[in-house]
Amino acid sequence: MPERAISWGELVATSGVEELVEHGEFRNEGGLDETGHGIASSHWHQGAAGAEVEVDLATGQVRVLRLHAAVYAGKVVNAFTAALQNEGSMIMGLGSALFEALVYDQGQPLTANLSDYLIPSMLDLPEELTHDLLECPGAEIHGVGETAVPPIPAAIGNAVARATGARLVELPLTPERVLAALRSQREGAS
């Protein structure tokens, strides 16, 4: 009933206590049906990332200095392989942010193999690549998968915007796109 609704912020502000704590239970009902087809579930993978970048204003080149991701892992079974999976996901996100693009010419792919499709090399990795695998006591095995991939481009894009004042909204953040955004920003200011 909307007339009886109250926002969480209002509830906290009017409760008179400093902290409200609630407990709940969630069950993921996905899986396979009797025919072997998948049943949709609401299994979420939570991840966050932060980046520190350096942008060459003359060339538009973006260099990631530090990259950090934190992902919810439920219960980690093998810390070594989970860490490798998370680091690999971070590098995939870096590639998406700065390099990877499907390029076509009249419907024909120009980036059809790895000699044309750019991915990060060891030289493109940040000086500092760190992550946290967040566990919850008593949690079930959750899996890490590629949870760190989606927040990485956003973190890098936000860091570029903070460093330059220009917000880019298309990936990858190539030097050409960075320079175009800087030009557009200067033209808009004048």
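Computed from heavy atoms alone, side chains included, the values below leave out hydrogens, waters and symmetry copies. What you are looking at is a predicted structure, and each value in this text was computed from that prediction instead of being measured.
Shown here for Leu179 and Gly60, the closest heavy-atom pair between the two residues is CD2-N, 3.6 Å. For the pair Leu133 and Ala83, the tightest heavy-atom approach, listed with the atom from each and the gap, is CD1-N, 3.8 Å. A pairwise comparison of heavy atoms in Ala101 and Thr111 identifies O-OG1, 3.4 Å as the closest pair.
Residues Val149 and Tyr72 do not share a hydrophobic cluster, defined by chaining ILVMFWY side chains whose heavy atoms lie under 4.5 Å apart.
Between Pro126 and Leu94, the closest side-chain pair of non-hydrogen atoms falls below 4.5 Å. When side chains are defined from C-beta on, Ile156 counts as touching Leu67, because their heavy atoms get closer than 4.5 Å. Inter-residue side-chain proximity for Pro120 and Glu100 is flagged as met; some heavy-atom pair is nearer than 4.5 Å. For the pair Thr147/Gln46, no side-chain contact is recorded, criterion being any heavy-atom separation below 4.5 Å from C-beta on. Between Arg167 and Asn158 the shortest side-chain heavy-atom distance falls below 4.5 Å.
A side-chain donor from one of Ser121 and Asp124 sits under 3.5 Å from a side-chain acceptor of the other.
Residues passing the salt bridge (charged side-chain N to carboxylate O under 4.0 Å, His left out) test with Glu127 are Arg63, sequence neighbours excluded.
Applying the under-4.5 Å side-chain rule to Ile, Leu, Val, Met, Phe, Trp and Tyr, the cluster around Leu123 consists of that residue alone.
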